[in-house]
2 protein chains.
Amino acid sequence: MFSKATEYALRATIYIAQKSSIENKLSLDDVATGIGSPRAFTAKIMQILSKDNKLVSSTRGPNGGFYISDKAKEQPIIAILKCMNERDIIDKCVLGLKKCSEKEPCPLHFQYKTIKADLLGLFELKSIQQLANEIEDGNATISN
Amino acid sequence: MFSKATEYALRATIYIAQKSSIENKLSLDDVATGIGSPRAFTAKIMQILSKDNKLVSSTRGPNGGFYISDKAKEQPIIAILKCMNERDIIDKCVLGLKKCSEKEPCPLHFQYKTIKADLLGLFELKSIQQLANEIEDGNATISN
DNA sequence: TGTATTAAGGACAAAGTTATCTTTTATTAT
DNA sequence: ATAATAAAAGATAACTTTGTCCTTAATACA
């Protein structure tokens, strides 16, 4: 479905939400180890996620690292997709038709439409915090 | 969702199903033009699809080209995914976790599971013929 | 002030996907 | 047989994604 970069981004963000706080930041190594992703590549993804401290926050130097504000934790996980520029994967025509629409539908359009709506609903409904809680409560895992 | 190769494969197969018959084959150019795909790349995809004449059939020489047997037209479109080796994209964990399962679920597992089931249902239920009919009846298009 | 720590940023490498081009092979018709 | 036609097959190129490494910048603390 999504690129590896976006998969790592989703995992990293949820992981940081669960493990970190402003007084207990996570290092890049913590994150990469925690979600089972390649360290250097994860660094690149963290740069995107923490650009302008919009979604994930970061500070450099001793005791620096990554964390997520309580405010940011309330955001739906689609915010992560937007940040990774993969938001519109969900809208795309299954057959890859540029013009596919209600007026000029591909032969799967109307059935696939409801699936896309469900998918979008899931990503808009679930917050970062909620998914972090699932892990915190032992009901889910994010390690690879 | 799928690779460009698989998008072209789906479009090409449906297109051939609609336009061709054993006595009226389609040339590579017909197919590539019909679905709006790059000719040479489409040739490669047609090689995969018509390998062993399993899904799509092909013959060389004058009056040669591609067609689909009535029998093959009855196959569900998931057969195209299988042929392109992308069948398991549907099963994959959204977060890319290798171990994600009922016992060790990712935090989206149970919600995403129903979406995957819907998607699989769609691909297993719809036959190549059915989608070709949608186009034939003017209810859908496959041109780009 | 200097040193250690940690992320940011840039350059680059490897691998995979998409795409093209050329040659070969099979088939048909003359 | 020969010529024409059309797909198969192979080589290669362009581009994208994934991944690594090295240097720079920011921060904390002694």
Side-chain angles (χ1 to χ4, degrees), chain A residues 1-13 16 20 22-68 83-86 89 96 98 144, chain B residues 1-13 16 20 22-68 83-86 89 96 98 144:
Chain A
M1 174 102 248
F2 301 113
S3 67
K4 277 215 160 26
T6 293
E7 288 176 356
Y8 297 150
L10 288 162
R11 305 221 295 267
T13 306
I16 294 167
S20 82
I22 189 155
E23 60 280 348
N24 186 20
K25 295 165 197 125
L26 293 184
S27 71
L28 173 62
D29 279 308
D30 289 338
V31 175
T33 305
I35 67 170
S37 62
R39 190 198 127 97
F41 189 46
T42 305
K44 289 295 169 198
I45 292 157
M46 292 317 300
Q47 283 180 31
I48 300 170
L49 291 174
S50 54
K51 182 86 180 163
D52 308 319
N53 291 352
K54 211 192 65 178
L55 190 55
V56 174
S57 303
S58 72
T59 61
R60 304 196 225 194
N63 300 312
F66 302 96
Y67 66 98
I68 305 192
C83 194
M84 297 300 293
N85 269 312
E86 294 210 359
I89 282 188
K98 291 192 205 82
N144 206 14
Chain B
M1 173 103 248
F2 301 114
S3 66
K4 275 212 160 29
T6 293
E7 286 175 358
Y8 296 151
L10 288 162
R11 304 220 298 266
T13 306
I16 293 167
S20 83
I22 190 154
E23 61 280 346
N24 187 19
K25 296 168 196 121
L26 294 184
S27 71
L28 173 62
D29 279 309
D30 289 337
V31 175
T33 305
I35 67 171
S37 61
R39 190 198 128 98
F41 189 47
T42 305
K44 288 295 168 197
I45 292 157
M46 293 315 301
Q47 282 180 31
I48 300 170
L49 291 173
S50 54
K51 182 86 179 162
D52 308 318
N53 290 351
K54 211 192 65 176
L55 190 56
V56 173
S57 303
S58 72
T59 61
R60 305 195 223 193
N63 299 312
F66 302 95
Y67 67 98
I68 305 192
C83 193
M84 296 301 292
N85 269 313
E86 295 210 358
I89 282 188
K98 291 191 205 84
N144 206 15

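Quick note on labels: first sequence line is chain A, next is B, and so on, each numbered from 1. Note that these values count all heavy atoms, side chains included, but never hydrogens, waters or copies made by symmetry.
Put simply, A/Thr59 has no side-chain N or O that comes within less than 4.0 Å of OP1 or OP2 on D/dA26. OP1 or OP2 of C/dA19 lies within a sub-4.0 Å distance of a side-chain N or O belonging to B/Tyr8. Taking 4.0 angstrom as the limit, B/Asn63 places a side-chain polar atom (N or O) nearer than this to OP1 or OP2 of C/dA29. Residue A/Ser58 places at least one side-chain N or O closer than 4.0 Å to OP1 or OP2 of C/dA8.
Take the nearest nucleotide of DNA chain C for A/Met46 and for B/Pro38: the residue whose nucleotide is more 5' is A/Met46. Toward the 5' end of DNA chain D, the nearer of the two residues A/Thr6 and A/Gly61, judged by each one's closest nucleotide, is A/Thr6.
A/Phe41 places its CZ atom 16 Å from the P atom of C/dA8, with the value rounded to the nearest Å. Rounded to a whole Å, the CG atom of A/Leu28 is 16 Å from the P atom of D/dC22. Distance A/Ile89 CD1 to D/dT17 C1': 12 Å, rounded to the nearest Å. Here the C1' atom of nucleotide C/dG16 and the NZ atom of B/Lys4 are 15 Å apart, to the nearest Å. Rounded to an integer number of Å, the gap from CD of A/Glu7 to P of D/dT17 is 14 Å. Regarding A/Leu49, its CG atom lies at a distance of 13 Å from the P atom of C/dG9, rounded to whole Å. The nearest whole Å value for the distance from the CG atom in A/Asn85 to the P atom in D/dT17 is 11 Å. When the P atom of D/dT27 is taken as reference, atom CD1 of A/Ile22 falls 14 Å away, rounded to whole Å.
Using a 4.0 Å heavy-atom criterion, one finds that A/Leu26 contacts the sugar-phosphate atoms exclusively. Among the heavy atoms of the strands, none lies under 4.0 Å from B/Ala43. In this structure, B/Lys44 reaches the bases: a heavy-atom distance under 4.0 Å links it to at least one base atom across the strands shown. Across all strands, A/Ile45 comes closer than 4.0 Å to no nucleic acid atom at all (heavy-atom distances).
B/Glu86 places no side-chain N or O within donor-acceptor distance of the main-chain N or O of B/Phe2, the cut-off being under 3.5 Å. Listed for the B/Asn144 side chain is no donor-acceptor partner under 3.5 Å among the backbone atoms of B/Ser37. Judged purely by atom type and a 3.5 angstrom limit, B/Thr6 has no side-chain atom pairing as donor or acceptor with the backbone of B/Ala9.
Side-chain atoms of A/Gln47 and base atoms of C/dA7 include no donor and acceptor less than 3.5 Å apart. Between the side chain of A/Arg60 and the base of C/dA8 there is no donor-acceptor pair of N/O atoms closer than 3.5 Å.
Side chains of A/Met46 and A/Ile16 form a contact here, defined as non-hydrogen atoms less than 4.5 Å apart. Taking the side chain as every heavy atom from C-beta outward, B/Ile48 and B/Met84 approach each other to under 4.5 Å.
Partner of A/Tyr8 under the side-chain contact (heavy atoms from CB on, under 4.5 Å) criterion, chosen from A/Leu49, A/Thr13, A/Val31, A/Ile45: A/Ile45.
Comparing D/dA7, D/dG19, C/dT18 by their nearest atom to the side chain of B/Phe66 picks out D/dA7.
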